[in-house]
Amino acid sequence: MKNLAPKLSDAEYEKNFADITPPFPPHNATLEAKRCLFCFDAPCTRACPTHIDIPAFIKKITSGNMRGSANKILDANILGMSCARVCPVGSLCEGACVYNERDTEPIQIGRLQRFSIDWFYANWDKTKEMFKPAKPNGKKVACIGGGPSSLSCAFYLAQLGYAVTIYDKNDKPGGLNTYGIARYKMSAEEALKEVKLVEHVGVKFKQNCEIGKDVKVEKLTKDSDAIFIGIGLGQTEDLGIPGEDLPGVVDAITFIDELKHKKLRDVRVGRRVAVIGAGNTSVDAATQAKRLGAEMVMVLYRRTEAEMPAYNYEYEIAKKDRCVYYFLTAPKRIIGKAAVEGIECVRMKLGKPDSSGRPAPEPVPRSEFVLECDMVIKSLGQKKQRDFVQKVLGLKTDDRGRIAVDDTLQTSNPKFYAGGDCVNGGREVVNAVAHGKRAAWAIHKRITGEDIDLDGLWKNETIRRVANTAKHQYA
Ligand SMILES: Cc1cc2nc3c(=O)[nH]c(=O)nc-3n(C[C@H](O)[C@H](O)[C@H](O)COP(=O)(O)OP(=O)(O)OC[C@H]3O[C@@H](n4cnc5c(N)ncnc54)[C@H](O)[C@@H]3O)c2cc1C
Ligand code: SF4
């Protein structure tokens with residue numbers, strides 16, 4: 001990289017990367033919990049993909065029953081801690097809260113959930129007893145990938161007595177929870193606390209183990225009664241323009257990964273940074289580059305603000321951090337001799353809708369211009385792992401390269417189930433957790449014939465009954 005942004009003081013790094021939604025002080029949490037109307041058939045619960053019984057866990061906060069509250073959350077969503085920190089709550093539970101209809105601030109469900117779950121992990125020595133390894137049922141399941149979908153599937157299967165092993169190619173488990181989520185939302189250390197809970201119920205982890213390379217799929221298939229695939233997505237899409245290989249061009253996932261695992265002052269960032277793409281990952285890359293000390297961060301997007309894929313609240317973070325958006329702008333080539341020196345762009349205009357239904361951007365002739373920069377971050381979304389799925393796993397994909405599944409998340413090979421980003425094309429942590437849980441029930445039904453009501457809301461009670469280790473003194 002030609003020019004590096006000046007280093008900040010430790011205090012500045014700490015301030016810039018502090019929790020974006022700080023925890024509630026206890027008294028405020030109780031006051032907020034008491035505002036809840038404890039609705040019957042609560043819309044907030046319906047809006048949560050994992051169907052946490054939100055009024056029930058909030059009610060328990062009002063009476064100081066923190067065990068019961070945490071238990072209600074974890075019953076439905078074993079990654080309740082990460083979801084409390086990273087969920088787009090305005091589009092899910094809080095967006096559905098009845099207070100919105102009364103022009104009143106919705107209940108701060110995310111922060112209340114965090115209050116409960118932080119208490120659970122802060123008291124781990126005592127609270128871990130709430131979950132015990134189940135009586136073994138003699139069946140084995142392998143999970144490929146160690147992200148949220150697999151953690152969820154493995155946990156709920158382990159509670160049913162399955163011997164579950166997670167195979168993951170990274171050094172540490174947790175998938176994007178450990179390697180991808182913006183540092184001001186959740187640290188890697190926090191993500192690993194949830195892994196500890198999954199490990200605590202007996203799930204085994206094999207790290208640095210890539211299926212298809214270190215372990216053959218045939219062996220896994222022979223040794224397991226079922227397989228869950230939670231491999232997420234692949235590398236960032238290429239720009240496909242000249243200069244892409246110059247030093248100073250990085251992809252967003254690699255940049256964010258460094259941010260999660262290095263000391264902040266050791267992460268290299270340019271003085272003038274251009275981020276290509278305007279999704280949620282682009283916001284994370286742009287804001288974190290700014291918070292690391294970049295003087296100017298420019299986000300280039302070939303459509304307009306109206307078509308931008310990022311959530312509005314994420315966009316607001318980028319604007320607050322004074323990242324500058326160039327709409328209707330596409331990169332044409334990256335300029336530089338030994339490293340990035342600038343980026344040549346072309347102005348765009350919107351044409352007729354393309355296959356995605358959005359207006360297709362078209363270049364405006366002779367509208368090229370150059371933006372000076374010393375770092376380019378590619379953030380055009382992640383590739384699908386089509387080749388791996390078709391050739392190594394031998395499974396069908398859909399026309400968008402996602403693993404093809406039926407309603408029960410069963411793939412074209414009846415022994416294989418799949419969920420999370422590799423199935424939905426890349427959504428949120430909570431969707432991956434919901435998939436993992438649903439796949440666990442489907443696998444259990446296939447192996448034992450026992451149907452664990454997939455459409456009811458409070459299934460984990462049934463799961464524990466089946467596992468004969470029910471311990472519901474807290475609920
Ligand atoms: C930069 C970024 C920021 C995000 N921020 C948010 C956010 O703020 N809020 C939110 O809700 N969601 C966010 N998401 C989305 C969220 O992280 C994902 O939806 C979620 O992690 C998907 O979980 P998963 O289990 O499907 O896959 P992943 O988390 O991707 O995990 C897949 C795992 O499988 C492993 N793997 C792949 N192939 C193999 C193989 N052959 N053998 C062994 N292991 C393999 C990978 O190494 C990885 O560990 C973000 C995503 C990104 C990229
Ligand atoms: S919709 Fe709002 S008020 Fe009703 S239970 Fe949910 S959080 Fe409470």
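First listed ligand is number 1; within each ligand, the first listed atom is number 1. Residue numbers count from 1 along this sequence.
Residue contacts with ligand 1: G174 is placed with no nitrogen or oxygen under 3.5 Å of a nitrogen or oxygen of the ligand (distance criterion only). Of the polar atoms of V86, at least one N or O is found under 3.5 Å from an N or O of ligand 1, judged by distance alone. In terms of polar-atom proximity, T281 is not counted as a contact of ligand 1, lacking any N or O under 3.5 Å from an N or O of the ligand. Residue V430 places no N or O, backbone or side chain, under 3.5 Å from any N or O of ligand 1. Considering backbone and side-chain N/O of P88, none are found under 3.5 Å from N/O of ligand 1. The shortest N/O to N/O separation between K185 and ligand 1 falls below 3.5 Å. At a 3.5 angstrom cut-off on N or O pairs, R427 counts as close to ligand 1.
For the residues V392, I229, D168, L151, the heavy atom positioned nearest atom 35 (C) of ligand 1 is part of D168. When the heavy atoms of D214, I231, L79 are ranked by distance to atom 39 (C) of ligand 1, first place goes to I231. The option with the heavy atom closest to atom 53 (C) of ligand 1, from among I253, D284, N424, is I253. Atom 2 (Fe) of ligand 2 has its nearest heavy-atom neighbour, among A47, P106, C97, in C97. Comparing G145, P148, G426, G147 by heavy-atom distance to atom 23 (O) of ligand 1, the nearest is P148. Evaluated by nearest non-hydrogen atom to atom 50 (C) of ligand 1, the leading choice among I181, D421, L220 is I181.
Taking 2.8 Å as the threshold, C44 does not count as a candidate ligand of atom 2 (Fe) of ligand 2, since none of its N, O or S atoms lies below it. At a threshold of 2.8 Å, atom 8 (Fe) of ligand 2 has a backbone or side-chain N, O or S atom of C36 nearer than that distance.
Salt bridge annotation for D41-R46: present, with a cationic side-chain nitrogen under 4.0 angstrom from a carboxylate oxygen. A salt bridge does not link K196 to E199: none of the charged nitrogens lies less than 4.0 Å from a carboxylate oxygen. Classification of R291 and D321 as a salt-bridged pair holds, one side-chain N sitting under 4.0 Å from a carboxylate O.
In this pair, Y301 and F327 present their aromatic rings perpendicular. The plane angle is above 60°, beyond the 30 to 60° band.
Donor-acceptor pairing under 3.5 Å is recorded for the side chains of Y184 and T287. Using modelled atom types, one finds a donor on one side chain and an acceptor on the other under 3.5 Å when comparing D406 with T408. Residues Y156 and H444 bring no donor and acceptor atom of their side chains to less than 3.5 Å of each other.
For the salt bridge (Lys or Arg N to Asp or Glu O under 4.0 Å) test with D19, the passing option among R85, R114, R111 is R114; the others fail.
Taking every heavy atom of I256 and a limit of under 4.0 angstrom, the matching atoms of ligand 1 come to 1 (C). Each of the following atoms of ligand 1 lies closer than 4.0 Å to a heavy atom of A432: 22 (C), 23 (O). Interface of C209 with ligand 1, defined as ligand atoms under 4.0 Å from a residue heavy atom, comprises 42 (N), 43 (C). Heavy-atom proximity to S149, at under 4.0 Å, picks out these atoms of ligand 1: 24 (P), 25 (O), 26 (O). Per-residue contacts place G146 under 4.0 angstrom from the following atoms of ligand 1 (heavy atoms of the residue considered): 33 (C), 34 (O). Residue contact check: Y167 has heavy atoms under 4.0 Å from atoms 43 (C), 44 (N) of ligand 1. Residue G180 has at least one heavy-atom neighbour below 4.0 Å for each of these atoms of ligand 1: 1 (C), 2 (C), 3 (C). Ligand-side atoms of ligand 1 in range of G232: 27 (O), 30 (O), 32 (C), range being under 4.0 angstrom from any heavy atom.
For R35 and Y99, the positive end sits near the middle of the six-membered ring, less than 6.0 Å away and at most 45° from its axis.
Heavy-atom distances between C83 and ligand 1 stay at or above 4.0 Å for every pair. Look at Y179 and you'll find every heavy atom at least 4.0 Å from all atoms of ligand 1. Look at N280 and you'll find every heavy atom at least 4.0 Å from all atoms of ligand 1. Under a 4.0 angstrom heavy-atom cut-off, Q382 registers as being in contact with ligand 1. Using a 4.0 angstrom heavy-atom cutoff, G230 counts as in contact with ligand 1.
Heavy atoms of I109 found under 4.0 angstrom from ligand 2 belong exclusively to the side chain.
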